[in-house]
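Input: a single structure, listed below in structure tokens.
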Amino acid sequence: QCTWLAASMKGNIPSWGDADMWPGNARAAGYTVSDTPIVGSVGVLRAGNHVTVVTAVNDGTVTVEEGNYDYNGSIRSWTYPTDQLVYIYI
């Protein structure tokens with residue numbers, strides 16, 4: 001249940017189901033889905049069912065806010081290599 005944080009941080013996001021469904025559903029709804037991160041985009045982990053919000057773009061990494069990373073509802077700031085996520089421009 002990580003999608004609640006992204007939806008709450010970004011505002012009016014439609015119900016796109018589980019995290020792995022977000023890129024396809026976003027594309028179908030007319031949003032841009034890209035390999036290039038921008039601050040404020042929603043990042044979806046390629047290997048796993050997880051949604052984040054990009055807060056900083058660094059040299060080869062992105063810093064994100066993510067919820068429920070520990071299956072306990074916790075929120076954290078974390079850094080991932082850029083190529084580990086796909087980005088939805090919302």
Pair Ser34-Tyr89, side-chain donor/acceptor within less than 3.5 Å: yes
In the single-linkage hydrophobic clustering (I, L, V, M, F, W, Y; side-chain heavy atoms under 4.5 Å), do Leu85 and Met21 co-cluster? no
Hphob cluster co-occupancy, Val53 + Ile75, side-chain heavy atoms under 4.5 angstrom: yes
Here's a test for you: under side-chain contact (heavy atoms from CB on, under 4.5 Å), which of Val86, Ile13, Val33 qualifies with Trp22? Ile13
Tyr87 side chain to Val39 backbone, donor-acceptor under 3.5 Å: no
Any chain of hydrophobic side-chain contacts (each under 4.5 Å) joining Ile88 to Leu45? no
On a heavy-atom basis, which atom in Asp70 and which in Asn72 lie closest, and how many Å separate them? OD1-N, 2.9 Å
Using modelled atom types and a 3.5 Å cut-off, is there a donor and acceptor pairing between side-chain atoms of Asn49 and backbone atoms of Asp20? yes
For Gly67 against His50, the heavy-atom pair lying closest together: O-CE1, 3.5 Å
Check the pair Tyr80 / Thr61 against side-chain contact (heavy atoms from CB on, under 4.5 Å), numbers first and verdict last. CA-CA 5 Å; Tyr80 288 101; Thr61 65; over 6 Å; no
Are Val51 and Trp16 in one and the same hydrophobic cluster, where Ile, Leu, Val, Met, Phe, Trp and Tyr link if side-chain heavy atoms are under 4.5 Å apart? yes
Quick check: closest heavy atoms across Ala6 and Thr52, and the distance to 0.1 Å? CB-O, 4.5 Å
Indicate whether the side chain of Asn58 and that of Thr63 have a donor and an acceptor atom separated by less than 3.5 Å. yes
In terms of hydrophobic clusters joined by side-chain contacts under 4.5 Å, are Val44 and Tyr31 together? yes
Looking at side-chain heavy atoms only, is the closest gap between Tyr69 and Ser74 below 4.5 Å? yes
Looking at every non-hydrogen atom in both residues, tell me the closest pair between Glu65 and Ser77 and how far apart they are. OE2-CB, 3.3 Å
Show the nearest heavy-atom pair for residues Glu66 and Trp78, with the distance to one decimal. OE2-CB, 3.4 Å
Counting N and O atoms only, with roles assigned by atom type, does the side chain of Asn25 sit under 3.5 Å from a partner on the main chain of Ala29, one being a donor and the other an acceptor? no
When you check the gap from the basic side-chain N to the acidic O, do Asp35 and Arg46 get nearer than 4.0 Å? yes
